[in-house]
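In what follows, chains carry the letters A, B, and so on, assigned in the order in which the sequence lines appear, proteins first and then strands, with residues in each chain numbered from 1.
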Amino acid sequence: MADEMDEIISDFLIETTELIEELSQKFVELETNRDNQALVNDIFRSVHTIKGASGFLGFTQMVQLTHITESVLKKIKDGDIFLAPNIMDVILESIDMVKVLLEHIKQKDDVEEDLTGILGKLQDVYDGAGTSAEGGKSTKQASAKSAISARGEHEELHPDIDTEDLQSNFAGEYEDNDYREVDEAKPPKHLGELLVEDGKVSEDDVEEALTIQSMIKESIDTGDVPKVGEILTATDKASKEDVKKVLAKQPAQSDKGQPQQVEQTIRVDVERLDNVLNLVGELVLARNRLMKLVANLDIKYSETADISHLSELTAFINLITTDLQLAVMKTRMQPVKKVFNKFPRMVRDLARTMKKEVELRLVGEETELDKSIIEEVGDPLVHLIRNAADHGIELPDVRESAGKTRHGTVILSAYQEGNNIVLAIEDDGKGIDVDKLKEKIVEKEFASQDEIDRMSDKEVLDYIFLPGFSTAKLVTDVSGRGVGMDVVKTNITKLNGSISIETEVGQGTRFLLRLPLTLAIIQALMVGVADEVFAVPLSSVVETVRLDKKDIKTIRGQETVFLRDEVVPVYRLANKFYITSTSADDTEKVYMVVIVVNEKKFGMMVDKLYGQEEVVIKSIEGFSNSADGIAGATITGDGKVVLIIDPTVIFSSTLQGHK
Amino acid sequence: MYDKNMKILVVDDFSTMRRIVKNILKQLGFDKIEEAEDGEQAFTKLKSGGFDFLVTDWNMPNVSGLELLKRVRSDAKLKSMPVLMVTAEAEKEQVVEAVKAGVNNYVIKPFTADVLKEKIDKIFEKLKK
C-alpha cells in the first residue's frame with residue numbers, strides 16, 4: 001500500500017510538472033491574447049486538476065494555494081477581473097510557489113512554506129474584483145467561497161438532495177439542455193444570439209427572456225434557473241425545434257479552438273528505454289560482425305547454395321536492424337517544445353525588468369531531438385536568449401530613433417537539416433560591431449593587432465566563445481559577467497554539435513546551433529595509423545585526399561597543404577597518440593582526412609583508410625575522456641575495440657597552441 | 001448488495017486522479033476497472049460494451065463529464081447505465097445540471113473510501129427498488 005502511494009505521488013509529480021510547464025507558456029500567450037476563452041478554460045482546468053489531486057494526497061499547502069488561484073482564475077474566466085499585467089504577475093508568482101511546493105513534495109522534506117504573502121496578494125486580487133461584479137450569481141459565489149476559508153468546501157454542501165425527485169421533475173428534459181452555461185450573458189455565442197442570427201426570434205424577444213430569467217434568479221435561492229431556451233418556448237416566441245437546432249450548433253462552437261488534443265501515450269521509465277537502446281547497440285555491433293563474416297564466407301565459398309542463402313538472410317537482418325534502430329531512436333525523441341516552453345515566460349520577465357519590449361516567437365516546436373540532447377541544450381539556450389534580449393534588443397526609444405519598431409523580436413526556431421537539427425536564435429537588435437570587437441580583443445591581449453588584421457570577420461567573432469571574454473559594457477543582473485559563451489560552446493561541442501554566429505550591425509544577430517539527431521550511434525570513417533584503427537565521426541569529415549608528401553609545406557613551423565586555393569594546416573594523427581607512423585618515411589603518397597571544426601578546415605594525416613561504418617559509442621569508464629581527444633570506444637565488425645576520436649578537442653587544443 | 005465483479009469505467013483527464021480513484025475502488029473490493037482519459041474515449045469504450053458502472057470526472061477537455069453523461073443517457077443501449085459524477089465544485093448549479101442530465105449520484109473531491117462506498121451503495125439500492 002505504501003509503495004502504491006509512492007507510485008501515485010511520483011505520478012502526480014510528473015504530471016503536475018508537465019501541466020505547470022504548459023501553464024507558464026499559456027499564461028504568456030494569454031497576456032497577448034486576452035480574449036482566448038479556450039485558453040482561459042484550459043488554464044483554469046489545469047489548476048483545478050492540481051487542486052483536486054492534491055486534496056486526495058493530503059498536500060494541504062498545495063490545496064490552499066491552488067484553491068485561491070483557481071478562484072481568481074474563475075473570475076478572470078467569467079470576465080469579472082481584467083487580466084492586467086500586475087494581476088498576471090501575482091498569478092505567475094503563485095505558479096512559481098506551486099513549483100516550490102512540488103519540490104518539497106519531491107524531496108519529502110515536510111517543509112512548510114510561508115504562504116501568507118502570496119495568499120494575501122491573491123486574496124487582494126480576488127477581493128478587488130468583487131466590488132465591480134455585482135449580480136446574483138457572483139455575489140453568491142463570493143460569499144460562499146470567500147476564498148481561503150473555503151478550504152473545507154466539500155463539507156459545505158452535503159449532497160443529500162433527493163436525486164429521485166429532481167430526476168422525475170426533469171425527466172425527459174436532459175436532451176433539451178445541451179448547453180453548459182447557466183448565465184446567458186457570457187461569451188462565446190449564446191443561444192439568444194444564435195436564434196436572432198437564424199432569424200427565429202427578434203432581439204427584443206431575447207431581451208425579454210433574459211429579463212424574465214434574471215427575475216427568476218433573484219426570487220429563488222437555488223441555482224435552478226430556467227434556460228433562455230425554455231423561457232422562449234414557454235412564452236411561444238420560438239418553437240422547440242428551432243431551439244434544439246440552434247443548441248446542436250452551440251457545443252460544436254465552444255469546442256472550437258481547444259488548444260490541444262489528448263495524445264495516446266504510455267509512460268515508460270527512461271531507464272528501460274536506455275536499456276533497449278543499449279541492446280540495439282549490441283545488436284548493431286553483432287550485425288556488423290555478421291556481415292563481415294558472411295562477406296568473407298561469400299568470397300571463399302561463393303558457389304555454395306547455403307552461403308548465398310546466408311547472404312540473403314544477412315541482408316534482411318541488416319535491413320531489420322537498421323529499421324529497429326531507427327524505431328528505438330524515435331522512442332527517445334521528444335519535441336523541442338519541452339525546452340522552448342519555458343522561454344516565453346523568461347523573456348517576458350526579462351523584458352519587464354529591463355523595461356524593454358521584447359516579443360519571443362517560437363518556430364518549429366514540434367521538431368524532435370533525442371531526450372539526452374534536449375536535456376543538455378536547455379542551459380545554452382537560456383544563455384543565448386538572455387543575451388539576445390539583454391545585449392541584442394535595444395531600449396524602445398533607441399529602437400524608435402533608429403527607425404525600428406519599438407518592440408524587438410527574438411525568434412527561436414528549430415528545424416531539421418540532413419542528419420542535424422538546427423536551433424536558431426535570432427534577434428533584430430543592434431548586432432555585434434566587429435570593429436569594436438577587434439579593439440576589445442587587442443585590448444584584452446587575446447591577439448595582437450597584426451594577427452587581428454589578418455583574420456576574417458568569422459574568426460574575429462569566434463573570440464566571443466573564449467573563456468573570460470565578454471563584450472558587455474555594463475555587467476547587468478541578467479548577463480555579461482564574462483562567463484557564459486565559452487560554457488555555451490563547451491556544452492554544444494560536448495553534444496557533437498557546433499555553434500556559429502551571423503551578425504550585422506543595426507540589423508541583428510543570429511546564433512545557429514547544429515546538433516546531431518542522436519548521441520548513441522554515429523556514422524564514422526575508419527582510419528588506420530600503423531596497426532591502430534581509429535574511428536572519426538563522419539559529421540566532421542569533409543573529404544579524404546591522397547597527396548604527395550612533397551606538397552606539404554612548412555609555414556612558420558606549421559605543416560600545411562594548399563588545397564584548392566585554400567591553405568589547410570596538417571596534423572599527423574600518429575603524433576597525437578605517440579605512435580610511429582608507417583607512412584612517416586618510406587612512402588611518397590599519404591592519405592589526409594579533411595576535417596572541419598567550427599567552420600575551420602584541418603588536414604589529418606593517416607596511414608590507411610578503411611571505409612565507413614556505423615559505430616555505437618561506448619563511453620570508457622574511469623577515464624576523463626574527451627579531454628585527451630577520445631570521445632569513446634566501439635567494437636568493429638571484426639571484433640576489435642576501436643577508439644573514437646573527438647576532432648573538436650584534438651583541434652581546439654592545437655588552435656590554442658598556436659594562438 | 002452489488003456485484004464486486006462488475007466492470008467499472010473510471011474517466012479523468014489526469015492520470016494521477018484515475019489512479020487514486022482506482023485505488024479507492026480496489027480498496028472497496030472492485031478489481032475490474034478500466035480507464036479513459038476523456039469523455040470521447042470513454043464513450044467509445046462504453047459503446048464496445050461490458051461495463052456496469054461509470055465513474056466520471058466533470059471537468060475534462062474535449063468531451064466533459066456532463067457531455068458524456070448526456071451522450072450515455074441518449075444512447076439506446078447505455079441509457080440505464082448507473083453514473084457517478086466526481087466533482088470538485090461544491091456549486092449547486094453544477095450539481096443541478098448533472099442531476100437534470102440524469103446522474104445517479106455525485107461525489108465531491110477529495111473523498112474517502114467510506115464516502116465512495118456510501119455513494120455506490122445508495123446508487124445500487126435505488127436501482128433495486
Segment of [X] engaging chain B (4.5 angstrom heavy-atom cut-off):
| X | result |
| --- | --- |
| A:S54 | neither |
| A:I14 | neither |
| A:L57 | side chain |

* For B:K7, does the NZ atom have more than 12 heavy-atom neighbours from other residues, nucleotides or ligands under 6.0 Å away? -> yes

* Structure fact -> Among B:T16, B:T112, B:D13, B:D12, the residue with the most heavy-atom pairs under 4.5 Å to chain A is B:T16

* Asked: Got a sec, which pairs hit salt bridge (Lys or Arg N to Asp or Glu O under 4.0 Å) with one end in residues 19-30 of chain B, sequence neighbours left out?
  -> A:E4-B:R19, A:E7-B:R19, A:D11-B:R19, B:K22-B:E35

* Salt bridge or not for A:D42 and A:R45, using N-O below 4.0 Å? -> yes

* To do: Flag the pair B:E40 and B:R71 as a salt bridge only when some basic side-chain nitrogen lies within less than 4.0 angstrom of an acidic carboxylate oxygen.
  => yes

* Asked: Is it the side chain or the backbone of B:I24 that comes within 4.5 Å of chain A heavy atoms, both, or neither?
  -> side chain

* Only pairs at least two apart or in different chains count here, so list each ring-ring contact (aromatic ring centres under 6.0 Å, His included) that has a residue in residues 64-87 of chain B. => none

